[in-house]
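One structure is given here, and the rest of the page talks about it.
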Amino acid sequence: MPELPEVETIRRQLEPLVRDAVIVAADSHWSDKFTPALDAVGSTITGIARRGKYLLFQLDDDHELVAHLGMTGSFHLETGNGSDPSCAAHGKHTRAVWAFDDGRHLVFDDTRRFGRLRVVPKGDYGDIATLHQMGPEPLDGDFTGASLHAAIVGRSRSIKTQLLSQRPVAGVGNIYADEALFLAGIDPRARRVGRERCDRLADSVKQVLATGIDNGGTTLRDYVNAEGDEGQNQHALLVYGRGGEPCTNCAEPLSTIVIDARTTTFCRRCQKR
DNA sequence: CCAGCAGCCTGAAAGC
DNA sequence: TGCTTTCAGGCTGCTG
């Protein structure tokens, strides 16, 4: 499940490969989640930005191709496929293909079809609610304990649910939320988190995301980067996916519960409500 | 405005 | 062995 470190890894690999590419044709799966791929035909890619878990392909006509990978989305480049960009000519789960003027194809695969594509005027995210209301980038400096506290104070949902909402901070998903809450010593069910604990949590969020990027992302099931390789951060996880195993801090068996239909693993002794 | 939740998806794994 | 059920979860859109 691509979260910020996985999306950033893909962005870094892809950007130098697609810069200045001219999109001459495209094809997509029939779902209206993917048909906007065709709106990018005729444009030149000038770079790739990222906001939270969204990839933002910059187009030369003052538009952006906004891509969300959902649960199982991945991008890769293929060479030597001629000028036919049909999805059927690629993989079973190919949802979009963009043909470049040099003969290469940018391919978007997404087994479970939770991903989404849109072409919008640059910066115009009014129709993409989560992106429109996205909180600060965690590794850019605007995200602090103070900003986190300001974003959650007065709200009644659990701290984990709020992290996943993308509003207090951009790019945190289920894996890195569990990891950050463990490092900060905060129970994921906590509904009141004061300023001091927000300081610790902000630091933990930055730490787990930066480590995730350094390790090339986390591969538990489907994630592969733009070169088709798995990440290595799964070996650095302290709680996610380790229910029943001893806490690395106190040896108490880690608990697994469900919060908002998401598997949540934490230590009942080390993490406080 | 906010909280809460169903629905979207497929394939692997578990259950019978 | 083979069929059925369960599980994974980010985001959207609806309801109260």
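Throughout, protein chains are lettered first and strands after them, A, B, ... in sequence-line order, and every chain is numbered starting at 1.
Whole-Å rounding puts the A/Lys92 NZ to B/dG11 P distance at 4 Å. Between A/Phe34 atom CZ and B/dC9 atom P the separation is 8 Å, expressed in whole Å. Straight-line distance from the CD atom of A/Gln162 to the P atom of B/dG4: 10 Å, rounded to whole Å. The distance between atom CE of A/Met134 and atom P of C/dC11, rounded to the nearest whole Å, is 7 Å. As rounded to whole Å, 8 Å separates atom P of C/dG10 from atom OH of A/Tyr240. With rounding to whole Å, A/Leu220 atom CG is found 14 Å from C/dC7 atom C1'. In this structure, the CG atom of A/Leu69 is 22 Å from the P atom of B/dC8, given to the nearest Å. For the pair A/Arg113 CZ and C/dT12 P, the computed distance is 17 Å after rounding to whole Å.
Other residues, nucleotides and ligands contribute at most 12 non-hydrogen atoms within 6.0 Å of the NE2 atom of A/His132.
Remark: side-chain polar atoms of A/Gln166 are paired, donor with acceptor, to backbone N or O of A/Gly171 under 3.5 angstrom. A/Gln234 places no side-chain N or O within donor-acceptor distance of the main-chain N or O of A/Leu220, the cut-off being under 3.5 Å.
For A/Arg116 and C/dC11, the shortest distance from a side-chain N or O to OP1 or OP2 is not below 4.0 Å. Distances shown here put a side-chain N or O of A/Thr263 below 4.0 Å from the OP1 or OP2 atom of C/dG9. An OP1 or OP2 oxygen of C/dC11 is reached within less than 4.0 angstrom by a side-chain nitrogen or oxygen of A/Gln166. Listed pair A/Lys33 / C/dT12 fails the phosphate criterion, with no side-chain N or O lying under 4.0 Å from OP1 or OP2. Residue A/His93 places at least one side-chain N or O under 4.0 Å from the OP1 or OP2 atom of B/dG11. A close approach under 4.0 Å does not occur between any side-chain nitrogen or oxygen of A/Thr111 and OP1 or OP2 of B/dT10. Here A/Arg262 does not reach the OP1 or OP2 of C/dA8: none of its side-chain N or O atoms lies under 4.0 Å away.
Partner assigned to C/dT1 is none, using Watson-Crick or G-U wobble distances below 3.5 angstrom.
Here A/Thr161 lies out of heavy-atom contact (under 4.0 Å) with every strand. Here A/Thr72 lies out of heavy-atom contact (under 4.0 Å) with every strand.
Annotation: of the two residues near DNA chain C, A/Arg112 and A/Ile128, the 5′-most nearest-nucleotide partner is A/Arg112.
Out of C/dG10, C/dT12, B/dA3, the shortest distance to the side chain of A/Leu164 is found at C/dG10. Checked against B/dG4, C/dT12, C/dG10, the side chain of A/Lys53 finds its nearest nucleotide in C/dG10.
At a cut-off of 3.5 Å, with distance as the only test, no side-chain donor of A/Ser86 or A/Asp27 sits close to an acceptor on the other residue. Between A/Gln58 and A/Glu64, the side chains place a donor N or O and an acceptor N or O closer than 3.5 Å (distance only, hydrogens not considered).
The ring of A/Phe266 has its center no closer than 6.0 angstrom to the ring center of A/Tyr240.
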